[in-house]
Structures are given as structure tokens and as C-alpha cells.
**Student:** 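Have a look at this one before I ask anything.
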There are 2 protein chains.
Amino acid sequence: MAGVSVATVSYVVNDARNVRPETRHRVLTAIQRLGYAPNAAARNLAAGRSFILGLIVSDIRNPFFPEIITGFQEAANVCSMEAIILNTNYDAARTREAVNRILGLQAPGVAVMTSQIDASVISLLPRKRVCAVYLDLGRVDKYISNITADYEGGIQAAVDHVTQFGHQRVGFIGGNPALTSAWRRRQAFLTCAEKAGLKEIRAVDSNFTVEGGYYACSKLLSGFDATAIIAANDLMAIGAMHAAYDRNLRIPADLSIVGFDDITFAQFAQPALTTVALPRNEIGRVAFQALWTTITDPSHAGSEYCMETRLTIRQSTGPAPR
Amino acid sequence: MAGVSVATVSYVVNDARNVRPETRHRVLTAIQRLGYAPNAAARNLAAGRSFILGLIVSDIRNPFFPEIITGFQEAANVCSMEAIILNTNYDAARTREAVNRILGLQAPGVAVMTSQIDASVISLLPRKRVCAVYLDLGRVDKYISNITADYEGGIQAAVDHVTQFGHQRVGFIGGNPALTSAWRRRQAFLTCAEKAGLKEIRAVDSNFTVEGGYYACSKLLSGFDATAIIAANDLMAIGAMHAAYDRNLRIPADLSIVGFDDITFAQFAQPALTTVALPRNEIGRVAFQALWTTITDPSHAGSEYCMETRLTIRQSTGPAPR
DNA sequence: TTGAAAGCGCTAACAT
DNA sequence: ATGTTAGCGCTTTCAA
């Protein structure tokens, strides 16, 4: 060995205390020579907290999430932290399990990017002194941060956009109105549409899935001759697109579709859709920052973050027919 | 507490020893009541191995991977293991970092689902007694398993499919031929096309991205009047679709596109594409199984697994024009 | 500036 | 069938 105590090695590795340069050097070379890699488990055990953060998502196969995950992981790695991803499959019971696993890992923090979570689980985390950051869950407290999005601005942009193209009969496909985020988008649409003085509007609520978008669009188009449709998320926009195809509507000649909130799909759905983008990798980064801030400074109370939205205009939005 | 020793709790949790049903029940309820979650760090430390497996992927935003990840995680969770996902961003240097982090976590195994890895890193893993499973890297050894896909079968199905629709001028968009998996697909295409007696074929190599598909398709269509195109992966198929749109070709009226190897895109790209599907969640499951087998039975040498492919026929494949 | 030593919460061998 | 107990490899307090 380097002829020093384990304690000294610990101090060198974590540079947590003044160590004589020469001693430090002896330790460092010994580490090199022996190919020593600190045992993460032992470190965690002794330190009482791990270097792993939890990242709970609804479904990694939903392209909404990989972007967030990427942003989160990249930010985490910069701070020598790991992220462990947990899928809930839109199931609150699985969210609970996920939280349990996170607790078991002694993770100092968790980002909860799903709405399917019980209040009891939300309150469990701070009790166990685990920092948490939520997406659109609207509460900020000790150990709890929240990220919200400027849905109103995004919807405004979407409405402005179709209005500019002369559309007057505009449909809106919303998500489950029980979710704050869906409700806010729906309300924003109604408000903006009124302000814009649109001739005719109709809103249908659905469930944020491709199938839901298909269904809602079909419903919307029967008896309502919309020339443009704004979907509250991208999956539903895709579904709406399929429904339009199946009714032999050309996009955008007969019907323009604006999908709210994705950027991932842009490249796939193109050229059929115009999108309002939430910068998702930013969400991931911000989520990590929120955790990092509260973890490193326990006196910190938790914060509210607001993400801007951004309209991605595509040539494919068409003028209103007729 | 439940009035039992810590050891008994351990035995119950791991059911590693016979425990009287009544005792077990007492322990279980106490666990419930206290919301006890085992400390992973302590377990790892005591057991000498961690319960975290590494899962290295090229890019989680590529829809190829989330499916694999899901399958892997679900299989892992059944065995009370966690999976930690590491993104390489198609960069061998980052793969090396990822492996290092895995080593630090004392992970007993790692699934490497990217081709961007140096030979030195591959050989490092078994030296550190970490099991590994690769995708299409073609070597099987102690601690090393390999998963390969029946590309030949898939390409055969794709060629048969377009042939059945009367297509005689068929283009092929391949990936980087330096990759075994891309090479095999390309070769299979050439072989099958010849066997099928197609009038005219042309193959262009590209790089497995949407942009690459766009580029390759454009190149393919200039001076070659293909009526069907087979793309070696889905991203390139999407790119090809865009290129076709931009040349005012209707799909499938003017050009049919068969995308090799995805199922995720089916729902998005529909109705434009026919796909040959690799069951990706199966890949994830198999990858976990491969690791689990070698981890739980160290005498086991590592195995070769072969995934079947499956053609997903969509009404959208059109007959050959003219 | 460094060392000694007491745990961290489990597992697994040994004892009962 | 269950309890006792010695570590696992670190961190961290306290002493030197």
C-alpha cells in the first residue's frame, strides 16, 4: 500500500480534508498502481446517501420522455451522479413501487415526470428526506420543487399561427381534463380562440394517446367542418393525422394539424404537422438542477420553475381551404 | 418490530431459507406497516455484489432503444434487479466512461446495445468478472454472450413482400457496411433479390439516421426509377419517406417503402410504411436472461441467442405502378 | 496532518 | 426454524 491509513485514502479520494501534497501523491499513485476503484456500495452505506438519483417516467417508449431523460442524465453526470430510470406504465401502483426502490437505493432525490402518483407517495418522499421535483404537480415545499410549462403561451402561439393562415373553424383535442396540464391547455385554447374571434370552435377531450387522438378527431370532424385542428399533445396529433387520412382528407390541403408539445415527433410526422415545442431536454436539465440545488443545500426550500414553449413552424401548415 | 431477529427478516426478504409461514407473515406485515425498504447499499456491501445491471445504449432518443430498455427492465425487476441506462451517443469514448461507471457500481453484468465500443473495453469487462451481453458483436466466451438477429430472414420477407406486389425495380438503403449487422442485411438483400430474379436493383449505403435515409433515397431515386425501397432500418425508412414526399412521390401509389426492423414507428409512420419487425422488447428480455444466466451460474460460459424477425404487413404497400 | 476505531444496514456462517 | 454475530469497505468523529 501507500503506507497510510484507510482514512487518509478516503480524505484524498473525496478531498475532504487538508492532506500534505506528498502524502496525497503517494496515495494517488498507489491508487493508480492497484487500479483501485472505490466501492460505491460501501461509500453509500457509510455516507448514508447514494449517488444515484431516481427518474420516474410514465413510459420510456413515449417519445416525450427520452428527451427529458437525456437532459437529466447529462446534467447528472456532470455532477458525478447516476440516474436510474423507472417506468410506471401510467400506473400509480407502479409509481409507488418505483418510489420504494428509490428509497431502497438511498437516492437523495427523485424526479417524478408522471402524473400517476398518489398523494400518500408524494408526502412519503419528504418524510424520508428525499428531494423531489415534479412536472406540473403544482406544489412547492421543503424538499419539493415543481416544474411547470407555459402552456398558455404555447396555445396562444398555436392559435395565432392558424389564425394567420386564415383558419376560422378550429378544433381542439384535449387530454384528460382532470390533469392540471390538460385543463390549462384546454382553457387556454378557449380563451385564445375567443380573443382571436374565431368563427367556430369545438373542443373534444381525450386521453393523450394516439388512439385517443384518432377517436377525438373522428368525433370532431363529424358534423364540424374544421379546417385546422390543434391537438394538446403530439401523440394525439398523430392519431388525428391518421383519422384525417382515413377520411381521405389531405394534410394540409384540407386540414391543418398543429400538435402541441413535442419536438421529437417533428422529424417523424413531418411533413404533416406543425408543432408547438416544449424544450424537453431542458426539462430534464432543469429537473436535475432543482434536485441538485435542494440536495446540496438542505436549507433550500424547493422552487418553482417555468418552461417556455416554442412554436416550430413548418411549411406544411396550409391556408384555410375555400 | 415483529419480534424477530434481523437475520430472519433477511431470510424472509430474500426467501433464502425455510421460514415458518406464521413468522414470515409477521415479518411481512411489519414491513408493510413500517414502510420498510431494504437498504440496497448495505445489501450490496454484505453480499459482495450489487443488484444493478448496466444497460448501455447508443441513444435513448432513437426509438430502437426504449423498447429494448423496457423489456430489459421488466425482466430485471422480476428478479429484483435494477437497470441503469447509459447513453453513449454513438461515441466509443463515452462507452468507455459508461463501462467505468458500471465497474464502480459493482454491477454484476452489463448489456451493451451499441456497436461503438473498443476491443480494449470489451476485454476489460470479463477481466473484472463482469458479465456482458452484446448485440451483434459476434463473440461468445466466458462471461460474454451475444444476441444476433435473423436479418437474413427479415430481408427475405421484405423482398418476398415487394415481389408479391409485382415490384421489379427495388432499391435498398443500407447502413454503414463496416457494421456486421448492416453488412449482413445488405448481403441478404443482394442474395434475395437475385434469387427472386428482380429486374433491377440498386443498393446505397448510408448511416442509419433519418438524414441518412433522406440522402440515400434521394441518391437512389436520381436516375433509378425504383417502385419500392427497402430501408435497412426504420429511421432511414422515415428519411426515405420524407425524400419521397419532397419529390412529390405519393406513397404507396408511386413508391412503396418497407422499413426494416422497427415496430415502434409503425404507429407513427403509418400509413406510409410496411415494416419488418425485430421484437425489440424481446431483445431486452433476452439480454437480461443472458446476463442472469451467467451471473447466477458462474460456470456458465456465455451463449449465443438469435432473434427472429417478423414482417408487419400494412395495407399501404402498393402494387408496382404501370 | 494523520491514525484509530466506531459504525452504516445488511448477509451468511454458525449456534441454538 | 430462528437467533447471534462477524464482517463487507467505506466515512467520519475523536484523539494523537
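A, B, ... follow the sequence lines: proteins, then strands. Residue 1 opens every chain. Since the structure is predicted, the reported quantities are computational estimates derived from the model, not experimental observations.
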**Student:** Closest heavy-atom contact between Thr114(A) and Val57(A)?
**Tutor:** CB-C, 4.3 Å

**Student:** Between dT11(C), dT2(D), dG3(D), spot the one nearest the side chain of Arg20(B), thanks.
**Tutor:** dT2(D)

**Student:** Provide, to the nearest angstrom, the distance between the CG atom belonging to Leu105(B) and the P atom belonging to dC10(D).
**Tutor:** 14 Å

**Student:** If I compare all heavy atoms of Ile56(B) with all of Ala98(B), which pair ends up nearest, and what's the gap?
**Tutor:** CD1-CB, 3.9 Å

**Student:** Report the residues that fulfil side-chain hydrogen bond (donor to acceptor under 3.5 Å, both in side chains) with Gln106(B), sequence neighbours left out, ordered by chain and then residue number.
**Tutor:** Asn39(A)

**Student:** Any side-chain donor paired with an acceptor under 3.5 Å for Arg184(A) and Thr148(A)?
**Tutor:** yes

**Student:** Looking at every non-hydrogen atom in both residues, tell me the closest pair between Ala107(A) and Gly54(A) and how far apart they are.
**Tutor:** CB-N, 4.3 Å

**Student:** Indicate whether OP1 or OP2 belonging to dT2(D) is found under 4.0 Å from a side-chain N or O atom of Thr8(B).
**Tutor:** no

**Student:** Could you check whether Thr8(B) and Arg24(B), counting side-chain N and O atoms only, form a donor-acceptor pair closer than 3.5 Å?
**Tutor:** no

**Student:** Taking atom C1' of dT16(C) as reference, at what distance in whole Å does atom OH of Tyr11(B) sit?
**Tutor:** 13 Å

**Student:** Would you work out how much the helix from dT1(C)-dA16(D) to dT16(C)-dA1(D) bends between its ends, with each end axis defined by five base pairs, to 10 degrees?
**Tutor:** 30°

**Student:** What is the distance from CD of Gln106(B) to P of dG9(D), rounded to the nearest Å?
**Tutor:** 9 Å

**Student:** Tell me: CG of Asn44(B) to C1' of dC10(D), nearest whole Å?
**Tutor:** 13 Å

**Student:** Salt-bridged, Arg94(B) to Asp118(B), with N to O below 4.0 Å?
**Tutor:** no

**Student:** Can a donor-acceptor pair be found between the side chains of Tyr90(B) and Asn62(B) at a distance below 3.5 Å?
**Tutor:** yes

**Student:** Measure from NZ or CZ of Arg129(B) to the centre of the six-membered ring of Tyr143(B), then state whether that distance is under 6.0 Å and the direction lies within 45° of the axis.
**Tutor:** no

**Student:** Is the shortest side-chain N/O distance from Ser10(B) to OP1 or OP2 of dT11(C) below 4.0 Å?
**Tutor:** yes

**Student:** Could you list all N or O pairs between the protein and nucleotides 6-8 of chain D that sit under 3.5 Å apart?
**Tutor:**
unit_1	atom_1	unit_2	atom_2	d
dC8(D)	O2	Ala46(B)	N	3.3

**Student:** Expressed in angstrom and rounded to an integer, what is the separation of Arg43(A) atom CZ from dT12(D) atom C1'?
**Tutor:** 14 Å

